Amino acid sequence: MQNLFNLNKKIIVVTGGSGLLGSVICRALANYKATVIVADLNQDAGTELAKSICSDGFSAKYLSIDITSKASINELINSVASEYGGIDVWVNNAYPRTSDWGAKLEDIPIESWNKNVEMHLGGYFLCCQQVAQFMRYREYGNIINFASIYGMVGPDFSVYDGTNMTMPAAYSAIKGGIINFTRYLASYYGKYNVRVNSISPGGIFDNQPESFVKNYSKACVLGRMGMAYELCGPLVFLASDSSSYITGHNLVVDGGWTIV
Ligand SMILES: NC(=O)c1ccc[n+]([C@@H]2O[C@H](COP(=O)([O-])OP(=O)(O)OC[C@H]3O[C@@H](n4cnc5c(N)ncnc54)[C@H](O)[C@@H]3O)[C@@H](O)[C@H]2O)c1
């Protein structure tokens, strides 16, 4: 039987590729023999990551992208298509947000709400719209959208007790929107052999305040936060042809957070 999770010869674009989750994912996809495009606004981190992946003997390249700009998205698509002949998988993982992200519900100006929805949900829309059109003509493609448990359930605010953290209100609308927009796209593009799935991580450990980590862990079925590397297996699965009969699905990677 062929290697189920082989990504050999696949050209994979990861937006937000140099961030917390993006960098771990880019490395994993490259380890499974994909050619990875680290697509990010952050040039220094993206270039450094691509260099480091290549020095381990794998294939990666940094390209600049601003997911809120149709021109920037198309510039990247055209550049990848002309250098590599196509794009097989596009991972929407970027996380744009305003400087007041994290304000309490009562303190959020409508302009800030709108801006976040526009940049994040709108940015994912633009990327999907542009790359799906391109994939449709090749009659092959695979889009993976990063959503979240907070696009599925309301937050348990008690986990933030004793910290100045909160779960931003717009995140629920953005991530809930991404999950259902994924279903819309899957239905729209199914006949062109373009698959579209979302992945919904739970809280990922990133040196948050101790009390938050403790509270979150207590409320989670597996009794701990997730680690960034725990998204690699699910991501490689969705990116590979092992998931060839899966589309419109929301793959939940949350240690059981949403089942109780
Ligand atoms: N970290 C978590 O606990 C967690 C949990 C659930 C879901 N998620 C989702 O996973 C994804 C990645 O999150 P993360 O924690 O790695 O975020 P992060 O902030 O560490 O990384 C986000 C990356 O996106 C890039 N970016 C921001 N705006 C951009 C734009 N306009 N165009 C292109 N790139 C842009 C940043 O430069 C950064 O490299 C996000 O969609 C997030 O909502 C994260």
Side-chain angles (χ1 to χ4, degrees), residues 13-28 37-50 62-77 90-99 101-102 115-128 130-131 143-153 155 159-160 165-168 170-179 181-182 198-208 212-213 216-217 220 224-232 234-235 238 250-255 257-258:
V13 174
V14 182
T15 73
S18 48
L20 173 71
L21 303 186
S23 54
V24 176
I25 285 158
C26 284
R27 234 174 238 292
I37 309 301
V38 181
D40 205 295
L41 266 182
N42 187 334
Q43 180 168 0
D44 290 346
T47 309
E48 196 52 44
L49 176 67
Y62 167 75
L63 285 178
S64 166
I65 193 172
D66 176 357
I67 67 154
T68 66
S69 155
K70 189 171 157 186
S72 167
I73 296 165
N74 280 319
E75 199 178 312
L76 183 137
I77 292 174
W90 181 284
V91 184
N92 278 312
N93 163 78
Y95 190 177
R97 61 262 211 202
T98 54
S99 55
W101 187 245
K115 189 74 196 160
N116 280 295
V117 172
E118 182 192 326
M119 290 194 301
H120 195 151
L121 183 55
Y124 280 42
F125 160 75
L126 272 180
C127 288
C128 289
Q130 298 308 305
V131 81
I143 298 173
I144 302 164
N145 291 323
F146 264 82
S148 163
I149 52 171
Y150 295 126
M152 302 171 63
V153 296
V159 300
Y160 305 111
M165 298 167 69
T166 191
M167 177 42 58
Y171 202 65
S172 59
I174 291 165
K175 293 307 196 185
I178 287 172
I179 292 171
F181 181 50
T182 296
S198 57
I199 186 162
S200 284
I204 302 300
F205 178 71
D206 187 25
N207 295 307
Q208 291 94 339
F212 168 78
V213 175
Y216 187 98
S217 301
C220 181
R224 63 178 178 84
M225 298 194 75
M227 301 302 288
Y229 70 81
E230 293 181 294
L231 289 161
C232 296
L235 220 285
L238 284 180
N250 179 38
L251 182 52
V252 186
V253 186
D254 70 345
W257 182 271
T258 52

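Just so you know, residue 1 is the first one in the sequence shown, and it goes up from there. Quick caveat: nothing in here was measured; it's all calculated off a predicted structure. Indexing begins at 1, ligand by ligand and atom by atom, following the structure's order.
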- For residues Ile149 and Pro201, determine if any side-chain heavy atom of one lies less than 4.5 Å from a side-chain heavy atom of the other. no
- Considering only non-hydrogen protein atoms, determine which one is nearest to atom 21 (O) of ligand 1 and report residue, atom name and distance to 0.1 Å. Gly19 CA, 3.3 Å
- Message: Going by the rule salt bridge (Lys or Arg N to Asp or Glu O under 4.0 Å), which residues pair with Glu118 if we only count those two or more places apart in sequence or in a different chain?
- Response: Lys115
- Query: Between Phe212 and Phe205, does the ring centre distance come in under 6.0 Å?
  - Reply: no
- Considering only heavy atoms, does Ala147 approach ligand 1 within less than 4.0 Å through its side chain, its backbone, both, or neither? backbone
- Query: When you check the gap from the basic side-chain N to the acidic O, do Glu75 and Lys70 get nearer than 4.0 Å?
  - Reply: no
- Query: How are the rings of Trp257 and Tyr216 set relative to one another: parallel (under 30°), tilted (30 to 60°) or perpendicular (over 60°)?
  - Reply: parallel
- Message: Heavy-atom distances under 4.0 Å decide this one: backbone, side chain, both or neither, for Tyr124 against ligand 1?
- Response: side chain
- Message: Taking 4.0 angstrom as the limit and counting only heavy atoms of Tyr171, give me the atoms of ligand 1 inside it, by number and element.
- Response: 6 (C), 7 (C), 8 (N), 9 (C), 42 (C), 43 (O)
- Task: Provide the closest heavy-atom pair for Met225 versus Gln208 in the form atom of the first, atom of the second, distance.
- Result: CE-NE2, 3.7 Å
- Message: Yes or no: does Tyr150 have any heavy atom under 4.0 Å from an atom of ligand 1?
- Response: no
- Note on the structure: Of Gly203, Gly202, Ala228, the one whose closest heavy atom lies nearest atom 5 (C) of ligand 1 is Gly202
- Query: Heavy-atom contacts under 4.0 Å between Met119 and ligand 1: side chain, backbone, both, or neither?
  - Reply: neither
- Val253: what forms a side-chain contact (heavy atoms from CB on, under 4.5 Å) with it, not counting sequence neighbours? Ile199, Leu231, Pro234, Leu251
- Non-hydrogen atom of Ala39 closer than 4.0 Å to ligand 1: no
- Message: Thr68 versus ligand 1: do any nitrogen or oxygen atoms come within less than 3.5 Å of each other?
- Response: no
- Show which atoms of ligand 1 fall inside a sub-4.0 Å distance from at least one heavy-atom site of Gly16. 23 (C), 24 (O), 25 (C)
- Does the N or O separation between Ser148 and ligand 1 drop below 3.5 Å for any pair? no
- Working for side-chain contact (heavy atoms from CB on, under 4.5 Å), residues Lys175 and Tyr124: CA-CA 10 Å; Lys175 293 307 196 185; Tyr124 280 42; 3.9 Å; yes
- Message: Tell me whether ligand 1 is touched by Thr15 - counting only heavy atoms on the residue side and a distance under 4.0 Å.
- Response: no
- Query: What are the two closest heavy atoms between Ser148 and Ile179, and how far apart are they?
  - Reply: O-CD1, 4.1 Å
- Under 3.5 Å donor-acceptor, Glu230 side chain and Met227 backbone: yes
- Message: Side chains of Asp40 and Ser18 only: does a donor on one sit below 3.5 Å from an acceptor on the other?
- Response: yes
- Heavy atoms of Gln43 and Tyr62 approach each other most closely as CA-OH, 3.3 Å
- Query: Ignoring hydrogens and geometry, is there a side-chain-to-backbone donor-acceptor pair from Thr15 to Ala39 under 3.5 Å?
  - Reply: no
- Task: Look at atom 20 (O) of ligand 1 and say which protein heavy atom is nearest, naming residue and atom and giving the distance to 0.1 Å.
- Result: Leu20 N, 2.9 Å
- In the protein, what heavy atom is nearest to atom 40 (C) of ligand 1, and what distance, to one decimal place, separates them? Asn93 O, 3.4 Å
- Note on the structure: So the atoms of ligand 1 within less than 4.0 Å of a heavy atom of Arg97 turn out to be 19 (O)
- Query: Starting from atom 39 (O) of ligand 1, which protein heavy atom do you reach first, and at what distance in Å?
  - Reply: Asp40 OD2, 2.7 Å
- Which residue and non-hydrogen atom of the protein lie closest to atom 34 (N) of ligand 1, and at what distance in Å? Leu41 N, 3.5 Å
- Task: Please say whether Pro201 places an N or O atom under 3.5 Å from an N or O atom belonging to ligand 1.
- Result: no
- Query: Strictly under 4.0 Å, does any heavy atom of Ser18 approach an atom of ligand 1?
  - Reply: yes
- Is any N or O atom of Ile67, backbone or side chain, closer than 3.5 Å to an N or O atom of ligand 1? yes
- Note on the structure: min-distance protein heavy atom vs atom 33 (C) of ligand 1 -> Ile65 O, 3.3 Å
- Note the single closest protein heavy atom to atom 3 (O) of ligand 1, along with its residue, its atom name and the distance in Å. Ile204 N, 3.1 Å
- Query: Looking at atom 4 (C) of ligand 1, what's its closest protein heavy atom, distance included?
  - Reply: Leu21 CD1, 4.1 Å
